[in-house]
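Hydrogens, waters and symmetry mates play no part in the numbers below; they use all other heavy atoms, side chains included.
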Amino acid sequence: MCGISGWISYARDLRAEQHTVDAMTETMDCRGPDDRGTWISGPAALGHRRLAIIDLPGGRQPMTVDTPRGTVAVVYSGEAYNFTELRAELVARGHRFSTESDTEVVLHGYLEWGEDVASRLNGMYAFAVWDEHKQRLVMIRDRMGIKPFYYYETPDGVLFGSEPKAILANPLARREVGLDGLREVLAFTKTPGHAVWEGMREVEPGTVVTVDRGGLRRHVYWELESTEHTDDRDTTIARVRTLMDDIVRRQLVADVPLCTLLSGGLDSSAMTALAARQLAPAGERVRSFAVDFVGQTESFVADALRATPDTPFVHDVARASATDHQDIVLDSQALADPEVRAKMIRARDLPMGLGDMDASLYLLFKAIRERSTVALSGESADEVFGGYRQFFEEEARRGTTFPWMGETGKHLGIGDESVLRPALVDSLDLGTYVKDSYTSAVSGIQRLDGDSDFEYGMRRISHLHLTRFVRILLDRKDRASMATGLEVRVPFCDHRLVEYVYNAPWALKSFDGREKSLLREATADVLPRSVYDRVKSPYPSTQDPKYALALQGHAKDLLADPGHRVFDVVDQGRLGLAAEVESPQITMASRRGLELTLDLALWLDMYKPTLTLS
């Protein structure tokens, strides 16, 4: 896991731009604390920051191969979980290797298959190959969009990087955000390819982007397709288990300490239990970590989203699977710390307004990094298996907007309690933006001839979660983890599992009337009964009123500086109302408004973007 950067300029010799390439690369030192490297040849410059996971001495980058037709160089971020099989195939085809790293396998895979190497990889990856003979850059991103990848076209080439900050470090990139960029930040829709910053785009998941002297082209090598599912219930359950065993086995491979993220929910518990079962024959124990808040378990109050605290279930799994477990317990002062908030904004390059949920994730990963370098996460199982409550809500099933908007929209600037300036709210017209985005998102979903209206509706909900919602969560987890130098793997994003379960009829996915029935039954033998019976609970959020009180204090400090740029966006009066209400009575929407405001203020101070608001 690493950070990559690069610059292709067909009109200049980039050997004179070493300092700029270094600056781009060094913005991602957290992503790669173990090593750094750059490679420059004529119009091409590649940069790399390395977090060493496999073949610690042999996986240095940029990595090059000299061929009779010129040098081929690669910078690579991620993991190819099938690299040993690919290596054996390439050896049989005459390739010779000097390291044990998956990066060298990917590089030789390009030499053998060109950009078609993408379809042969199983894993999470974002990489760029410079082909000297063809004078061509090839950028490839994994199927689900687990690893981030951005690019910025210039008059004579392209800039690219794992994160926007790498591109923004180049003087050619404008630090400008317009209305459309703000819409994307606030609307929670994750438009494919949209990067918020003017002129910048994402390499879309499952896509190859090539750049040569003739310009830029995109090619989709994978997308979620509808196919007929013919397996019965027992066969489907068995297939899910077989896939999960294989996926976890592959993702346990590392030359550094590895652990699991354990929330006490079905997803992370099943993953942890399978990992423990696979490691036990070798006498190894799984390290597991969970996040908790001071006093939350003892004073927990059930709400509309969370019926139970996590910790009792976490401990049930830790006992049943005999893990080496540690709870990371956080207090409100740490969650509201402006320095932690700044770390997450710097990690994400954007003001997302998720407050304590972002802060706790960062602090959890920071604590884990002291003991482990790689962590397995249960992220995306809800999207794959149908775990969210909106999968069961009639309004969401009727499909007039993104299914998650009922739960999140009112917290993210769309509802009546928005802290944004009324004139800006009118200009943003988020309702129309969301509607248009939804129409675009559903237009390409394939309906099978045998799909009933109900089945197609459930296919639509699943597709939207797998192509939009999960990408928000994957990006959040990648940025927070890599900001601490921790690699997080996501077994439930294996494309084989995603393809198989996506096409299972809803009657199979919820055959017992509950969420994630297939996953529950496929792993029932390794789960404590308490977890087997537990109802879905989202990522935790603190209930301590001291947290809201701390936010209000920071907001009042901001209000004391009425000339701050944030008030070009935020309404001072509305912010003042949210800052004055007694913290135990503050609504979640008002709390999110405070968090968004504080994020915006720090982002404006740190990045100094030009905002085009008309």
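Interatomic distance, Phe127 CZ to Ile140 CD1, rounded to the nearest 0.5 Å: 3.5 Å. Atom CZ of Phe492 is separated from atom OG of Ser268 by 8.5 Å, given to the nearest 0.5 angstrom. A distance of 11.0 Å separates CZ of Arg287 from CG of Leu279, quoted to the nearest 0.5 Å. The CD1 atom of Ile4 lies 11.0 Å from the CD atom of Glu163; values are rounded to the nearest 0.5 Å. Here the straight-line distance linking atom CD of Glu487 with atom CZ of Arg369 works out to 10.5 Å at 0.5 Å rounding. Taking OH of Tyr125 as the start and CD1 of Ile146 as the end, the distance is 8.5 Å to the nearest 0.5 Å.
Classification of Arg120 and Glu89 as a salt-bridged pair holds, one side-chain N sitting under 4.0 Å from a carboxylate O. For Arg496 and Asp246, the salt-bridge test passes: some basic side-chain N is under 4.0 Å from an acidic carboxylate O. Comment: Arg277 does not engage Asp245 in a salt bridge, judged by the lack of any side-chain N to carboxylate O separation of less than 4.0 angstrom. Between Arg471 and Glu383 no salt bridge is recorded (no basic side-chain N to carboxylate O distance below 4.0 Å). In summary, Arg241 and Asp525 engage in a salt bridge, as defined by a charged side-chain N under 4.0 Å from a carboxylate O. Contact check on Arg592 versus Asp356 returns a salt bridge, with a Lys/Arg side-chain nitrogen under 4.0 Å from an Asp/Glu carboxylate oxygen. A salt bridge does not link Lys536 to Glu515: none of the charged nitrogens lies less than 4.0 Å from a carboxylate oxygen.
At a threshold of 4.5 Å between non-hydrogen side-chain atoms, the residues Val374 and Ile53 count as touching. In this structure, Ser510 and Phe392 have side chains that are in contact, with non-hydrogen atoms separated by less than 4.5 Å. Residues Glu225 and Tyr502 have side chains not in contact (no heavy-atom distance under 4.5 Å, counting atoms from C-beta outward).
Judged by distance alone, the side chains of Asp231 and Tyr500 do bring a donor and an acceptor atom under 3.5 Å apart. Side-chain atoms of Arg36 and Thr25 include no donor-acceptor pair closer than 3.5 Å. A donor-acceptor contact under 3.5 angstrom links the side chains of Asp327 and His315, judged on distance only. For the residue pair Asp232 / Thr235, a side-chain donor-acceptor distance below 3.5 Å is found, with atom types taken as modelled.
Atom NZ of Lys190 is surrounded by more than 12 heavy atoms from other residues, nucleotides or ligands within 6.0 Å. More than 12 heavy-atom neighbours from other residues, nucleotides or ligands sit within 6.0 angstrom of CD on Glu298. Within 6.0 Å of atom CD in Glu85, more than 12 heavy atoms from other residues, nucleotides or ligands are found, so the atom counts as buried in its surroundings.
Checking Glu595, Arg476, Met344 one by one against Leu354, the side-chain contact (heavy atoms from CB on, under 4.5 Å) holds for a single residue, Arg476. For the side chain to side chain donor-acceptor pair (under 3.5 Å) with Thr103, the lone residue among His108, Glu79, Gln61 that qualifies is Gln61.
Between Phe469 and Tyr388, the distance from one ring center to the other falls under 6.0 angstrom.
The side-chain tip of Arg87 points at the ring of Phe97 from less than 6.0 angstrom away and within 45° of straight on.
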With salt bridge (charged side-chain N to carboxylate O under 4.0 Å, His left out) as the test, would you mind laying out the steps for Arg31 and Asp478 before giving the verdict?
-> CA-CA 10 Å; Arg31 293 188 75 92; Asp478 175 88; 2.9 Å; yes

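Note on residues 344-354: pairs passing side-chain hydrogen bond (donor to acceptor under 3.5 Å, both in side chains), not counting sequence neighbours, are Lys165-Asp349, Arg348-Asp358, Asp349-Arg479, Asp349-Tyr607.
Side chain of Glu104 to backbone of Ser98: a donor-acceptor contact under 3.5 angstrom is found.
Taking both residues in full, the closest heavy atoms of Ser372 and Phe289 are given as OG-CE1, 4.2 Å, listed atom of the first, atom of the second, then distance.
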